[in-house]
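Since the structure comes first, as structure tokens, the remarks are kept for the end.
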2 protein chains.
Amino acid sequence: MAQQHPEPSAARTAPEPAAPTPPRRRSRPTIGDVAALAQVSKATVSFVVNGRAGVSPRARQRVLEAAAALGWQPSAGARALSTRRAQALGLVIRRPPELLSTDPFFPQFVAGVESGLSPLDYALVLQVVETEEAERNAYERLSHDGRADGVFLTDLQLDDRRPALTDRLGLAALIIGPGRPDSPVPAIGADDAEGVRRAVEHLHALGHRRIGHVGGAEGYVHAEARRRAWMTALDDAGLPEGPLEAADFTGAGGARATHQLLDLPDPPTAILYANDLMAIAGIAAATSRGLRVPQDLSVVGFDDIPLAEYIAPPLTTIRQDVIAWGRAAAQQLVSLTQGHPFEAPALPPVEFVVRVSTAPPAS
Amino acid sequence: MAQQHPEPSAARTAPEPAAPTPPRRRSRPTIGDVAALAQVSKATVSFVVNGRAGVSPRARQRVLEAAAALGWQPSAGARALSTRRAQALGLVIRRPPELLSTDPFFPQFVAGVESGLSPLDYALVLQVVETEEAERNAYERLSHDGRADGVFLTDLQLDDRRPALTDRLGLAALIIGPGRPDSPVPAIGADDAEGVRRAVEHLHALGHRRIGHVGGAEGYVHAEARRRAWMTALDDAGLPEGPLEAADFTGAGGARATHQLLDLPDPPTAILYANDLMAIAGIAAATSRGLRVPQDLSVVGFDDIPLAEYIAPPLTTIRQDVIAWGRAAAQQLVSLTQGHPFEAPALPPVEFVVRVSTAPPAS
DNA sequence: TTGTAAGCGTTATCAG
DNA sequence: CTGATAACGCTTACAA
């Protein structure tokens, strides 16, 4: 008899009245308090709050009353520890500050994600990083610390290593935007091509034949998708190849690219931009050269930022319902973390919003 | 003998090879694994990772090596449960989607907060809500679930009930923006007045005497602060009261307010807007009436969104370093959650950025 | 300096 | 259907 067992069950039954922990001012009621008040076991309380079968109506009723009386709600942290699930999703953003502050994407996306998450009682933990190393680190920590059950992968690059990373970590992940065919991670993205096609058709119908494109930052999958969509649409419309200028989604880049395009010996009569920010900067650039928009140059943006309607001239642009996208993404990712197979949800179709910045070409 | 105890201690030592839990593929190493590998106790490992004294260099070394070998990092959830601290801060955003997507504030603020938080190893959990009820609920849950140790209070309203709420919850909180004198919650905000004063002086120096203001949504403390700053600056400059139009920070509101002001019998020759979005919409509104900016109307914004520089004409505006603000706020709030007294940190001064949208008045 | 063991608030297992 | 009781992974007295 090397060890003496102090009658475990008896010892655990008695201490309550002995007040071994009097100074312990417990701030919030626990499941134990509720169980005691309802005169049931903790397990029963747990069953009740989790809506599981196997609880008598009477017991359930008492539990509910006790919980209400105590104002008790289960602790997310304790639950997470027990279930090994954080009940939270992670979003890591790596973008230059310049882009972060005007791009309407993230605020809307986050709002959409939240609207999808809150009914499910999931939280969103956010990280903003600057370097790729910090980004990878963030994903590892999120997974490792048990802070998130799944993560969104945004701004995917052509040679992105994150899908492999999350795969290795065994972390559920979902790519936001056009995916890569060989990726181990599913993707959910709005159909950029449809909007671009409509824009090109619109310009074509107006009589434009030289339709240029100012693209987004090279290396990004979504920038590439828009570029490709533009080329395809041109081709489908029977139009010649248009001049292309790669930019970086910033106002400065948009302005510079616009000047480049307009400096061409045979400049385009219409330009399709990969985002509104560049398009608006492009309008200003054209205006500063004495060109009138839309008489001398038609401009089409992408995103439909709130400002698009309130600049001069109001911007014709392609709008996607980013909020709905975020919501769908959140629901899908939660579903993935629960082990369900990926199922591409239907996203609302892109809209093409015609305003004033497009018109028939001058000549 | 009602119960039979299966020799608990022995049972706990043996089960490993007996494979009572063979399918339990433990995904991440635990502190126990590290302790075992390092041949020390869990407590020692804990001491090492938490940088506490009382560990021999040898033991520390072994622990470090073991942790590295196993790729172990402490679990945030378990730590939170034990310490009753989430090591996370909460940010609840309640804004109409329209405002959320163009306002440069939140993305920048979040970026700043992150830069302050990541060195401290704190996370940021975000919630976006629509109603006031949902907002209050969010704070309660954040506190109750133990998901956040402290929260930021943004977009404070004049009769805001959140300070009282967080106070009651015993949740550390920090108001972002101008605070209320009687508030139980400390505030950290950029000095709007200084920027507004510089703007008014600039316009005054150009020769303007009728300087209008398009304000932000009524009821908000920061909108009120800018309004008041404008009135004070006018007074200090010896200028007469200017016409005021309350708007709502949106493009639509800015355009409407601008028309109202310009419809006045004696319209202002310069307008100061409470944000850039309204200012840009105001420029478009004025332009649509045949007015030229800045010849016929000078326009000053507030925020310096990235686009401000790339519209026609480039916008004169007031810039605050929101990222630095966010970083300082994060550090302060963490400090508050740790029980330290509030200490107002120095924020970088606002800058007044003169571009092209301001010029001497026509007459 | 190090180890033991008792929490932290849940969920899960498994006898009654 | 119900109730003990053992995890979950960590921190932290308290002993040794």
Side-chain angles (χ1 to χ4, degrees), chain A residues 3 6 8-13 15 20-21 23-24 26-36 38-60 62-63 67 70 72-87 144-146, chain B residues 2-6 8-9 11-12 15 20-21 24 26-36 38-60 62-63 67 70 72-87 144-146:
Chain A
Q3 301 176 291
S9 49
R12 278 200 198 97
T13 314
T21 47
R24 180 173 138 232
R26 166 190 284 159
S27 46
R28 275 157 34 192
T30 76
I31 195 174
D33 300 330
V34 175
Q39 311 210 50
V40 298
S41 73
K42 294 195 299 173
T44 303
V45 177
S46 179
F47 277 24
V48 170
V49 297
N50 292 314
R52 298 242 293 246
V55 181
S56 68
R58 283 198 50 212
R60 143 170 276 107
R62 286 214 309 277
V63 167
L70 262 35
W72 173 81
Q73 281 179 238
S75 146
R79 195 195 308 245
L81 182 59
S82 193
T83 58
R84 292 151 159 273
R85 330 190 80 265
Q87 292 271 337
H144 204 118
D145 288 359
Chain B
Q3 302 175 296
Q4 56 179 85
H5 304 286
S9 50
R12 273 195 207 103
T21 46
R24 179 170 141 234
R26 168 189 281 161
S27 44
R28 278 154 34 191
T30 78
I31 194 173
D33 300 331
V34 176
Q39 310 209 51
V40 299
S41 72
K42 293 195 298 175
T44 302
V45 177
S46 178
F47 278 21
V48 170
V49 297
N50 292 313
R52 296 246 290 247
V55 180
S56 71
R58 282 198 51 213
R60 142 171 277 109
R62 286 214 308 278
V63 167
L70 261 34
W72 173 82
Q73 282 179 238
S75 149
R79 196 197 308 244
L81 184 59
S82 195
T83 58
R84 292 151 161 273
R85 328 191 83 265
Q87 291 269 339
H144 200 117
D145 288 0

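Just so you know, these numbers come straight off a predicted model, no measurement behind them. Each chain gets a letter, A, B and so on, in the order the sequences are listed, and its residues count up from 1.
- Atoms CG (B:D33) and P (D:dC8) sit 10 Å apart, rounded to a whole Å.
- For C:dT2, the OP1/OP2 oxygens have no side-chain nitrogen or oxygen of B:S41 closer than 4.0 Å.
- Interface residues of residues 45-54 of chain B facing DNA chain D, ordered by number: B:S46, B:F47, B:N50, B:R52; criterion, heavy-atom separation under 4.0 Å.
- In this structure, NZ on B:K42 lies 10.5 Å from CG on B:D33, to the nearest 0.5 angstrom.
- Remark on the helix from C:dT1-D:dA16 to C:dG16-D:dC1: inter-end axis angle 40°, axes from five-pair C1' superpositions, rounded to 10°.
- Of the candidates D:dC10, D:dT2, C:dG3, the closest approach to any side-chain atom of A:V55 belongs to D:dT2.
- A:T30 and A:W72 get closest at one heavy-atom pair: C-NE1, 3.4 Å.
- At the phosphate of D:dC10, neither OP1 nor OP2 sits under 4.0 Å from any side-chain N or O atom of B:S82.
- Per the geometry, CG belonging to A:L81 stands 9 Å off P belonging to D:dC10, to the nearest Å.
- For A:A80, there are no side-chain contact (heavy atoms from CB on, under 4.5 Å) partners, not counting sequence neighbours.
- Partners of B:R85 under the side-chain hydrogen bond (donor to acceptor under 3.5 Å, both in side chains) rule, at least two apart in sequence or in another chain, are B:Y122.
- B:R85 has its CZ atom 23 Å from the P atom of D:dG9, to the nearest Å.
- Residues satisfying the side-chain contact (heavy atoms from CB on, under 4.5 Å) criterion with B:S41, sequence neighbours excluded, are B:A43, B:T44.
- Here the C1' atom of nucleotide C:dG9 and the CH2 atom of A:W72 are 9 Å apart, to the nearest Å.
- Of the candidates C:dG9, D:dT12, D:dC10, the closest approach to any side-chain atom of B:T83 belongs to D:dT12.
- Of the side-chain N and O atoms in B:R84, none sit less than 4.0 angstrom from OP1 or OP2 of C:dC8.
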For residues 46-58 of chain A, run the donor-acceptor check on the side chains, cut-off 3.5 Å, and write out each pair with its distance to 0.1 Å, sequence neighbours left out.
unit_1	atom_1	unit_2	atom_2	d
A:S46	OG	A:N50	ND2	3.4
A:N50	OD1	A:R79	NH1	3.0
A:N50	ND2	A:S46	O	2.9
A:S56	OG	A:A59	N	3.2

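- Residues A:A86 and A:G146 share a closest heavy-atom pair of CB-O, 3.1 Å.
- For B:Q39 against B:R62, the heavy-atom pair with the smallest separation is O-NH2, 3.6 Å.
- Residue B:I31 contributes atom CD1, which lies 6 Å from atom C1' of D:dC10 at whole-angstrom precision.
- In this model, no side-chain donor or acceptor of B:K42 finds a partner on the base of C:dT4 within 3.5 Å.
- Evaluation of the side-chain hydrogen bond (donor to acceptor under 3.5 Å, both in side chains) rule for A:S75 yields no partner, not counting sequence neighbours.
- Taking atom CZ of A:R62 as the reference point, atom C1' of D:dG3 lies 13 Å away to the nearest angstrom.
- Heavy atoms only, all atoms of each residue included: B:V34 and B:A67 are closest at CG1-N, 3.9 Å.
- When distances are taken from the side chain of A:A43 to each of D:dC10, D:dG3, C:dT2, the shortest belongs to D:dG3.
- Listed nucleotides D:dG3, C:dT10, D:dC10 differ in distance to A:V40; the shortest reach to its side chain belongs to D:dG3.
- Nucleic acid contact class of A:Q87 (heavy atoms, under 4.0 Å, all strands): none.
- For B:S56 and C:dT2, the shortest distance from a side-chain N or O to OP1 or OP2 is below 4.0 Å.
- Of the candidates C:dG9, D:dT11, C:dT2, the closest approach to any side-chain atom of B:A59 belongs to C:dT2.
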